[in-house]
Enquirer: 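Right, I'll just put the structure down here and ask away after.
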Amino acid sequence: MTVIRAILTVILIFGAFRTAEAADVIRINGSGSALDMMTPIVAAYRKANPKVEIRMAKPLGSSGAIKALLAGVLDIVVSSKPLKPEEAHQGAVGREYGKTPLLFVTNMDVKKDNITLQELKDIYKGNTITWPDGKPLRLILRPEGDIDTQIIRGLSSGLDAAVSAATKRRGMVIAVTDPDLVETVAKTSGALGAASLSTMLVTKPRLNPLSFNGTRASTTALAAGSYPLAKEIRFITTSRTSAAAAKFLAFVYSAKGRAIAEKSGVLLDPSVKGAK
Amino acid sequence: MKNPRSIVRVTSIIAGVFAAFVAIIIPLGHFAVSYQFLLGSLDAQADLSSRTISRIVSDNPGMWKFEQVRLAELLELRPLQNIPEQRRIIDLSGNVIAESVDRLLPPIASMSHDIYDAGQMVGRVEICRSLYPILSQTVILAMVSMALGVVVFITVRTVPLRAVRNAYSSMQESEARYRSLYESMNEGVALHRIEPGNAAFTVIDMNAAAELILGVKRDHAIGSDGAAIFGEKINAHLPDIIAAAGRSETFSFEYQLESITRVLNISIFFPGRDSFATLIEDVTDKKKSEEQIRRLAYYDVLTGLPNRQLLQDRLDQALARSARENGKLALMFIDLDRFKFINDTMGHAYGDLLLVQVSLRLRDCIRSTDTIARLGGDEFVILLSYMGEELNAAHVAQHILEQAAMPYDLGTRVVTTTASIGITIFPDDGLNGQTLLSSADMAMYAAKERGRNMYNFFSPEMNRKAHERMALETNLMMALERNEFYLEYQPIINVKTGMVVAVEALVRWDHPELGRTMPGAFIPVAEESGLIVALGDWVLRTACGRIKAWTEAGIRPVRISVNVSGIQFRQTNFVEQVAKVLAETGVNPNLVELELTETSLMENADSTVKSLFSLKELDVGIALDDFGTGYSSLAYLKNFPIDRVKIDRSFIKDVCETPDDRAIVEAIIALARSLNLFIIAEGVETSEQLAFLQARDCDEIQGFYFFRPMPEEKLLELLTSK
């Protein structure tokens with residue numbers, strides 16, 4: 001068995017090398033909102049390196065993408081989750097990049113621009129089922145294991161309990177990925193959900209962004225600590241990551257890359273600011 | 001209860017089957033249905049999931065395995081969140097791609113459906129659920145079902161058995177009740193089985209009363225032949241019993257038990273097939289009572305004679321019968337003369353004794369077919385039916401008067417009384433009983449007014465005739481004693497010689513008041529009264545005596561013919577009587593000829609032949625008188641030892657004018673000739689008649705043409721003259 005596994009490993013390493021070298025294809029996947037951030041960076045990189053093909057398929061989510069990375073079918077993963085020990089153990093290597101504010105958004109038909117923690121509790125508990133104008137309130141949830149859900153839970157223990165109550169309510173709509181959520185809220189009357197600022201800035205969806213407790217979501221407010229909701233962004237690679245990918249990552253961490261990212265609603269990690 | 005163990009066993013088995021069915025089928029059914037439902041549910045959900053996952057795969061065929069969030073979320077979408085499940089997506093290599101796993105207790109049921117991409121299988125989705133809840137429910141249900149099964153067993157077994165026991169108990173109580181009733185009945189009841197062939201029956205049970213009535217012990221009777229218990233005569237009723245059994249009709253009959261002098265009323269009914277029951281009632285005392293009641297109702301207590309009620313009944317019956325048959329009947333109303341005087345002077349006890357003796361004497365005066373009744377006091381009524389001749393009632397009345405007038409020995413006293421009788425005749429004097437009775441009563445009072453001790457007809461004409469006749473009978477009886485009878489003789493001439501060859505002795509009555517009376521006026525009365533026997537004997541004796549005397553006086557002997565009445569001839573000692581007269585008078589029997597009518601000879605032809613031969617042994621001649629007027633059997637005529645035939649005067653009278661009479665006379669003569677009989681023609685009054693008879697070789701002639709009947713003196717003159 002050991003011999004067979006060694007042979008397979010060699011074949012995989014050889015294969016990966018050959019793929020990067022032959023086509024300069026860089027396969028990127030990960031969290032939906034992070035991938036949204038990547039869109040202008042990839043465009044800029046390709047402008048400078050037109051021979052390089054960067055593939056970003058439907059977002060697999062952080063966990064799925066890391067598995068794909070470890071399986072060798074991805075080159076770079078943009079994750080909102082910290083690496084799990086077993087992932088690290090299997091060779092995944094993470095590097096912090098920044099974070100983007102998470103904000104509550106509604107369908108455009110909702111005439112509201114702010115939401116408070118208490119309102120959120122009542123909404124998640126099910127106490128509030130209509131908007132102030134009487135329109136039905138349709139709460140769009142994310143999967144239990146999704147990072148967005150964990151971020152919202154982390155706002156307060158009361159909201160945590162309210163979210164648990166919401167997940168148990170029957171008939172709730174769950175958006176599996178970030179694009180799913182954006183799409184669902186955009187097309188559902190009275191819908192309420194959470195999306196990243198980078199998504200809002202890059203994809204410009206027809207959504208109504210809400211301030212939280214009177215604070216508008218922005219990297220500035222996030223940096224000032226007045227805005228509590230944010231999704232982390234980090235890049236995961238392995239030792240097998242191709243040179244093309246590494247080159248691309250270097251671009252991402254470069255000043256130009258950072259500028260594009262900040263413009264896309266990302267508050268860069270302090271460790272990244274000083275990179276060249 | 002018939003085979004109660006069998007009923008208990010069968011009921012227990014049925015109850016056990018029901019109980020087992022409830023105890024096993026319910027949990028088993030529940031498990032089977034639940035298991036099938038579970039499998040169906042898992043299959044449907046796996047199918048649904050596989051289709052959804054197949055779409056995800058199609059959307060992202062290269063990376064679908066890494067869409068763990070989406071796949072996991074998909075697996076989390078369960079219709080029943082509270083039921084633990086394990087859902088897995090497994091690729092072709094057996095690696096779990098995504099799963100939603102709860103802890104399941106074994107045993108586990110699972111269903112899977114394949115996941116396809118472009119028609120190629122890329123994995124499968126598997127859904128598992130624990131069977132533990134179903135098994136738990138099944139176990140609990142099994143326990144409940146077992147408890148229910150026990151209840152069902154008890155119910156199904158107990159209820160019917162209790163019902164059967166109750167029914168059996170009720171049946172036993174009912175049987176005991178009816179057995180008690182059966183045994184305590186005053187009427188005997190016996191059950192019988194009709195034997196194959198229907199020729200006999202066997203006693204199969206009887207109650208205590210039947211033992212008592214029949215005088216047999218039950219143990220002895222059961223199994224015995226019915227005839228041995230009831231007597232052989234009972235077999236005569238067996239066909240009726242068998243016939244009634246076919247129609248299930250109840251009927252009864254009276255039965256005289258042979259072994260004991262009891263009368264039983266036996267009712268037959270049919271409680272079952274091929275069997276019958278007899279309800280035996282001893283009606284001996286009842287019949288005696290009924291008879292006593294009947295006697296009290298219909299009979300006079302003192303004399304035992306029918307009372308007015310019964311008389312009326314019998315009178316009505318007799319009147320109806322007489323009207324139907326055009327018959328006659330006589331009703332006599334009898335009242336004792338001076339009875340009140342006897343009763344008053346001697347006391348009622350003697351009066352009653354007298355009435356009893358009178359009733360006995362009256363009873364002796366009538367035939368058994370007649371009715372005598374006591375109406376009360378000293379009044380009696382006699383009903384005489386089928387009276388051939390109403391004047392016969394006078395004889396009976398006269399006989400009653402004579403009997404009633406005889407002294408009565410009443411123990412310490414001897415009394416005499418007489419009776420007065422009123423007589424009515426149906427239909428002459430009345431058409432109904434009441435009219436006849438009242439008429440007879442009136443006639444009786446008329447008799448009393450006329451001096452008592454006499455009878456009186458209600459009809460004056462009848463009354464006159466009756467009394468004249470009675471007077472004639474009385475005078476006839478006295479005439480013999482007074483020697484008022486005498487003989488005249490009519491000569492009989494030989495046709496060829498013209499000589500007187502015989503004489504016919506003819507009786508005459510020298511009536512003290514009426515003078516010389518011809519036989520036609522008194523012979524019928526003599527015959528009816530029986531006096532003809534004595535009168536006939538006197539005529540024969542006298543005639544024989546005269547012949548003897550004439551012979552001894554030297555007168556030319558001639559044959560003498562003496563008429564013999566049929567009644568006289570039928571006397572059993574007639575031949576002996578003739579022999580005695582012949583012997584006593586010493587006459588030559590050859591000179592004596594007895595004339596008998598053909599009717600009297602033919603009445604009893606067989607005994608007549610014997611008597612005639614006996615007479616012929618006495619050497620007397622026999623002539624057949626009035627030949628042609630009665631009914632003769634030529635076969636007997638051929639065998640009778642007859643010497644002469646006398647052609648009746650009625651044929652001779654018109655023999656010359658009427659061809660029919662001439663033919664008859666010629667035929668009689670021819671017949672007599674062929675039988676070698678001598679022929680005498682009587683009633684010859686003309687020379688033409690004589691010539692006719694001479695022409696036909698008639699032997700002897702008797703008639704006015706030659707001589708009328710003449711006294712002995714004239715006859716002797718004739719016989720002695722030249």
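Letters A, B, ... mirror the listed sequences (proteins, then strands); counts begin at 1. Please read all numbers here as calculations on a predicted model, not as lab measurements. Hydrogens, waters and symmetry mates play no part in the numbers below; they use all other heavy atoms, side chains included.
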Enquirer: Which bit of A:Ile66 comes within less than 4.5 Å of chain B, counting heavy atoms only: side chain, backbone, both or neither?
Expert: neither
Enquirer: Taking A:Arg27 first and then A:Asp75, would you say they form a salt bridge - that is, a charged N and a carboxylate O separated by under 4.0 Å?
Expert: yes
Enquirer: Taking only residues two or more places apart in sequence, or in another chain, which ones meet B:Arg87 in a salt bridge (charged side-chain N to carboxylate O under 4.0 Å, His left out)?
Expert: B:Glu85
Enquirer: Starting at CG of A:Leu103, measure out to CG of A:Leu197 and round the result to the nearest 0.5 Å.
Expert: 6.0 Å
Enquirer: Is any side-chain N of the basic residue among B:Glu67 and B:Lys65 closer than 4.0 Å to the acidic one's carboxylate O?
Expert: no
Enquirer: Is there a side-chain contact (heavy atoms from CB on, under 4.5 Å) between A:Ser63 and A:Lys81 once you walk through the steps?
Expert: CA-CA 8 Å; A:Ser63 301; A:Lys81 289 181 180 177; 3.3 Å; yes
Enquirer: Is there any residue in residues 166-180 of chain A with a non-hydrogen atom under 4.5 Å from a non-hydrogen atom of chain B, and which ones are they?
Expert: A:Arg170, A:Ile174, A:Val176, A:Thr177, A:Asp180
Enquirer: Identify whether the distance between the nearest side-chain nitrogen and carboxylate oxygen of B:Asp114 and B:Arg124 falls below 4.0 Å.
Expert: no
